[in-house]
Amino acid sequence: MIYTKIIGTGSYVPKKMMTNDDLKEFVDTNDEWIYSRTGIKERHIVTDEETVDLAEKASLIAIEDAGIKPEDIDLVIVATVTPDNYFPGVSQLLQARLNLREVMTFDVNAACSGFLYVLNIADKMIKSGAYDTALIIGAETLTRLTDWRDRNTCVLFGDAAGAMIITKSDTNNIKDVICGSRGDVDDLLICKNVGIKDPVVNAVGMQDHIHMKGSEVFKFATRILPKTVNDLLDRNNMVLDDLDYIVAHQANERIISKAAKDLKFSMDKMFLNISHYGNTSAASVPLAIDQAIKSNYLKKGDKFITVAFGGGLTWGGALIEL
Ligand code: ACO
């Protein structure tokens with residue numbers, strides 16, 4: 001039986017930081033509103049860096065942390081909804097930056113759930129016996145898709161990348177990963193590619209921005225997060241008390257605390273870093289896991305569930321023992 005485990009993590013955020021007060025320059029908002037509704041105080045945003053730049057920096061840290069050489073990697077999957085090109089993908093750009101072997105690399109679009117999707121795919125591909133060592137990444141520059149005149153959305157997002165090295169193992173550490181989606185509610189959270197309609201007439205494409213029905217997404221998130229946790233526990237004959245921590249997608253602190261309350265799980269055991277980074281989409285989960293491990297919040301032997309939801313609508317969760 002082939003199992004999988006995490007052997008290294010890394011993360012990176014751009015240098016430029018924007019506080020809630022800084023946002024007042026663009027929209028009619030204030031720190032009190034943003035912090036009380038979301039738990040966000042500040043976020044990091046790109047200036048001239050692209051998604052691959054963030055992904056590269058996070059990956060180098062993860063590779064060093066894992067103690068492997070770039071040539072050991074035989075699979076690269078990047079979760080992103082903010083690729084730098086239609087093609088080549090961030091994964092291929094990254095392959096060149098890291099001087100990797102000519103291995104399979106591809107991008108996955110599942111919005112904020114993206115990292116759970118790439119974890120699920122890489123985990124199953126390694127467990128099949130076909131691959132040994134995967135570099136998986138969530139990397140986003142969502143602030144490039146943000147409408148900086150829309151206070152409903154621009155206060156929520158930040159940029160970041162998180163990376164993880166997973167390998168085949170004799171011990172069962174990545175115990176279970178599940179993902180799901182519902183395509184019939186796409187109008188709740190959407191960023192259209194408006195320029196591709198009637199290309200002969202509309203010779204110049206125009207990029208759309210993120211549109212969101214915030215309170216509907218909130219309701220969906222607070223339903224799907226506890227459900228995914230419970231589904232994972234049921235599938236693995238475990239109960240909530242068996243878990244040391246939950247590392248949830250950092251979209252909104254109120255979503256995380258409502259999920260904890262509904263699960264009857266202590267907020268002290270829900271990892272939080274949203275105040276410093278905002279919602280970094282697919283980067284949110286690997287950034288949180290990396291920081292939780294490096295700060296010794298998560299320790300070897302801990303059992304935790306990581307769980308996310310996002311545009312699509314999509315969701316995913318993983319049960320992991322470090
Ligand atoms: N500053 C000040 N006031 C604001 C701001 C702001 N930044 N944004 C909205 N308001 C106002 C609204 O205009 C509204 O005013 P009105 O009553 O006069 O119309 C009022 O505040 C209340 O707005 P609501 O939308 O009802 O506020 P709510 O409490 O629902 O919080 C929020 C909004 C934070 C967006 C919440 O709904 C939420 O977090 N939703 C989930 C968002 C999310 O997680 N999205 C996932 C993205 S995932 C991905 O894949 C990209």
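The residues of the chain are indexed from 1 along the displayed sequence. Ligands are counted one by one from 1 in listed order, and the atoms in each one are counted from 1 as well.
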Could you list each nitrogen or oxygen of ligand 1 that sits under 3.5 Å from a protein nitrogen or oxygen, with the atom names and the distance?
from: ligand 1; atom 1: 1 (N); to: T29; atom 2: OG1; distance (Å): 2.6
from: ligand 1; atom 1: 3 (N); to: W33; atom 2: NE1; distance (Å): 3.4
from: ligand 1; atom 1: 3 (N); to: R151; atom 2: NH1; distance (Å): 3.4
from: ligand 1; atom 1: 7 (N); to: T29; atom 2: OG1; distance (Å): 3.1
from: ligand 1; atom 1: 7 (N); to: R151; atom 2: O; distance (Å): 3.0
from: ligand 1; atom 1: 13 (O); to: R151; atom 2: NH2; distance (Å): 3.0
from: ligand 1; atom 1: 21 (O); to: W33; atom 2: NE1; distance (Å): 3.2
from: ligand 1; atom 1: 27 (O); to: R37; atom 2: NH1; distance (Å): 3.1
from: ligand 1; atom 1: 29 (O); to: R37; atom 2: NH1; distance (Å): 2.7
from: ligand 1; atom 1: 29 (O); to: R254; atom 2: NH2; distance (Å): 3.1
from: ligand 1; atom 1: 37 (O); to: G214; atom 2: O; distance (Å): 3.2
from: ligand 1; atom 1: 39 (O); to: N252; atom 2: ND2; distance (Å): 2.6
from: ligand 1; atom 1: 40 (N); to: G214; atom 2: O; distance (Å): 2.9
from: ligand 1; atom 1: 50 (O); to: C112; atom 2: N; distance (Å): 3.4
from: ligand 1; atom 1: 50 (O); to: G311; atom 2: N; distance (Å): 3.0

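Both L156 and V217 are part of a single hydrophobic cluster, where members link through side-chain heavy atoms under 4.5 Å apart. V46 and L94 fall into different hydrophobic clusters, defined by Ile, Leu, Val, Met, Phe, Trp and Tyr side-chain heavy atoms under 4.5 Å apart, directly or through other members.
The shortest side-chain heavy-atom distance between R144 and F157 does not fall under the 4.5 Å cut-off. Contact of the T146 side chain with the H209 side chain is not registered, since no non-hydrogen atoms from C-beta on lie closer than 4.5 Å.
F309 and F220 have perpendicular rings, their planes meeting at more than 60° on a 0 to 90° scale where under 30° would count as parallel.
Every residue two or more places apart in sequence or in another chain that forms a salt bridge (charged side-chain N to carboxylate O under 4.0 Å, His left out) with K24 is listed here: D21.
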